[in-house]
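Along the sequence shown, the residues carry numbers beginning at 1.
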Amino acid sequence: MLRHEFRPGRLIAGAAVLGTAAAYLGDATGAWRIPWFTALPVLSGGLALAAVATAVHYRLRRRRSAMAASRENTEAPASTSGSQQNRYGRSFP
């Protein structure tokens with residue numbers, strides 16, 4: 001049993017931030033040279049990709065719950081004509 005639901009947008013955003021932090025950590029230790037403006041496209045691209053992943057996940061989750069709800073409601077509704085009759089044909093005073 002999962003403790004919480006999977007959030008792919010947060011995973012992608014976190015990976016973008018951690019990747020940027022790792023790149024600047026490597027620059028700070030002298031392992032490689034990173035220009036100062038590298039964080040802007042990496043972070044904005046990661047956040048944009050996270051937004052797309054979140055929107056897709058949201059639409060899939062909504063569609064899946066709507067399909068499950070429509071399978072559960074297989075009986076006729078209580079009233080389709082707008083009157084006060086129940087599904088067995090008896091009306092209420």
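Leu25 CG to Leu18 CG: the interatomic distance, rounded to the nearest 0.5 Å, is 11.5 Å. To the nearest 0.5 angstrom, Glu5 atom CD is 6.0 Å from His57 atom NE2.
Nearest heavy atoms, Ile12 versus Gly46: CG2-O, 3.8 Å. What you find for Val42 and Thr20 is that their closest heavy atoms are CG1-OG1, 3.2 Å. Pro8 and Ala53 get closest at one heavy-atom pair: CG-O, 4.2 Å. Closest of all the heavy-atom pairs between Ala13 and Leu47 is CB-CD2, 4.1 Å. Listed here is the closest heavy atom pair of Ala50 and Gly9: CB-O, 3.2 Å.
With Tyr24 contributing its side chain and Trp36 its backbone, the two residues share a donor-acceptor pair below 3.5 Å.
Under a cut-off of 6.0 angstrom, the local environment of CZ in Arg61 is crowded, with over 12 non-hydrogen atoms contributed by other residues, nucleotides or ligands.
Residue Leu11 belongs to a hydrophobic cluster whose other members are Phe6, with links defined by side-chain heavy atoms closer than 4.5 Å.
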